[in-house]
Asks: 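Let me give you the structure first, and then I'll get to my questions.
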Amino acid sequence: MPAMPPVQIQLTIIGCGTLGRNIVDGLLRSVSLQPTKNYRLSLTTRNPQQLSGLQRDYPTALVTADNKDARIWQGSPPSPLHIVVIGTQPQYTASVCRDISEAYMSFHRSPHVPVVVTVCPGITMSQLAQELPPRAPIVRSMPNTPVAAGQGATALFANQWVDAKSMNQVDHVFRAISPTVEVLDREEMMDVVAAVSGSAPAYAFHLMRSLADAATARGIPAHAAQDLIVQSFLGAAMLARQCPPESLSKLLSDVCVPGGSTAKAMATLDNYRASEVVDQAVQASWVANQAMGDSWTRQNDGTDDPAKATHKI
């Protein structure tokens, strides 16, 4: 794991909703960090209820409804590193990038451009760079929903303007909520990751629900079925975590005694081409992720105006 942050870093989360709260809570839970010492937090939201909630729950943070609040961008003393996480929905990303660019140009006191981190698939580095200051360091990230339990899986991809020190600190932020953080060397893989690990919890929940329905249909009480199935998935994941990737097939075969009931169950899945169905599902998600970048033009021509739907930011 990278070294602990040696100096105070400014961390701004724009559109601090569920994911933003997960990041902050993860940092607060971390036993290896002293968040108030290592991080100066700024949190923004345009939702009045969320704003009051952030002010109540994070009293040491700067909480504001204005992405261009001068206190964010000309903090005293200026931090040597400023990480800005865009936590809004993808359709508002262009507008937020313009806010960042305008605020930086108006208020910055540091020669360093903030490191901008996005959390949405589809929107490319080249698209982001159109709306950010020249040579802006950008990191695309793809976490998944288990970050809420501190057990997420996150992929990162950085452009050429992100130096090793900055990348180290971005890695630290996500490791507070993701035991697994993978840095990719090809940007196009981010949309694949979104379709696989990004969506993986849904696949797990879908299969757990199907097994629970099958169990209750055969007389097992619903609470018992869910407890047994959830724990079985948790235990299976822990077994898989201990083994190299190529051993997944072996783990499967270890459960399937030849001629046994589990082997017959897996043969039924194979007869219905379950693996092909999963591949088709991943393909559909991958295509949808790539298409998200197409909304960039609609954002830039003003058809998606966050000022008209601020409750979603």
Side-chain angles (χ1 to χ4, degrees), residues 1-2 26 121 140-157 171 174-290:
M1 181 180 295
R140 289 182 59 185
S141 71
M142 192 64 247
N144 59 11
T145 57
V147 297
Q151 293 297 316
T154 299
L156 303 174
F157 176 80
D171 185 284
F174 281 99
R175 284 192 186 277
I177 54 175
S178 294
T180 295
V181 177
E182 295 289 343
V183 179
L184 305 179
D185 58 5
R186 294 167 54 197
E187 183 178 9
E188 62 268 26
M189 292 296 98
M190 290 297 294
D191 292 332
V192 180
V193 166
V196 180
S197 65
S199 298
Y203 290 85
F205 299 145
H206 191 288
L207 185 52
M208 282 191 277
R209 184 184 65 186
S210 296
L211 286 170
D213 289 345
T216 56
R218 290 160 178 79
I220 297 179
H223 66 87
Q226 178 162 326
D227 287 348
L228 289 167
I229 291 163
V230 169
Q231 181 56 44
S232 297
F233 272 74
L234 179 61
M238 292 177 68
L239 279 176
R241 193 76 175 92
Q242 297 170 5
C243 301
E246 60 271 13
S247 67
L248 289 176
S249 294
K250 184 179 185 304
L251 288 174
L252 179 58
S253 66
D254 287 345
V255 186
C256 298
V257 177
S261 60
T262 304
K264 293 183 185 301
M266 295 302 101
T268 301
L269 290 178
D270 289 341
N271 289 339
Y272 281 94
R273 302 183 182 276
S275 295
E276 292 182 19
V277 172
V278 171
D279 186 72
Q280 292 172 9
V282 170
Q283 177 70 14
S285 180
W286 180 33
V287 171
N289 291 333
Q290 292 173 309

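Values reported hereafter were calculated over all heavy atoms of this structure, with side chains retained and with hydrogens, waters and symmetry mates removed. Bear in mind the structure is a predicted one, so any value in this text is a computation, not a measurement.
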Asks: Looking only at non-hydrogen atoms, find the nearest pair between G259 and K264 and report the distance.
Replies: O-CE, 3.6 Å

Asks: Under 4.5 Å between any side-chain heavy atoms of M142 and S197, yes or no?
Replies: no

Asks: Can you name the nearest heavy-atom pair linking P143 to F174, along with the distance?
Replies: CG-CE2, 4.4 Å

Asks: Where do A225 and T216 come nearest, in terms of heavy atoms and distance?
Replies: CB-CG2, 4.2 Å

Asks: Rounded to the nearest 0.5 Å, how far does CG of L184 lie from CZ of R140?
Replies: 10.0 Å

Asks: Looking at every non-hydrogen atom in both residues, tell me the closest pair between P146 and P201 and how far apart they are.
Replies: CD-CG, 3.5 Å

Asks: R241: what forms a salt bridge (charged side-chain N to carboxylate O under 4.0 Å, His left out) with it, not counting sequence neighbours?
Replies: none

Asks: Shortest non-hydrogen contact from G152 to N144?
Replies: CA-OD1, 3.3 Å

Asks: Could you work out, with side chain to side chain donor-acceptor pair (under 3.5 Å) as the rule, every residue matching R273, not counting sequence neighbours?
Replies: E276

Asks: Does Q290, at its CD atom, have more than 12 non-hydrogen atoms belonging to other residues, nucleotides or ligands within less than 6.0 Å?
Replies: yes

Asks: Just jot down the salt bridge (charged side-chain N to carboxylate O under 4.0 Å, His left out) partners of E182, sequence neighbours excluded, or say none.
Replies: none

Asks: Do the side chains of D213 and R218 get close enough for a salt bridge, i.e. N-O under 4.0 angstrom?
Replies: no

Asks: Any heavy-atom pair between the side chains of Y203 and L207 that's under 4.5 Å?
Replies: no

Asks: Just how far is it from atom OG of S141 to atom CG of D171, taken to the nearest 0.5 Å?
Replies: 11.5 Å

Asks: Might you work through the side chain to side chain contact (heavy atoms under 4.5 Å, CB included) test for M189 and F157, ending with a clear yes or no?
Replies: CA-CA 9 Å; M189 292 296 98; F157 176 80; over 6 Å; no

Asks: Between OG1 of T154 and CZ of R175, what distance do you get to the nearest 0.5 Å?
Replies: 9.5 Å

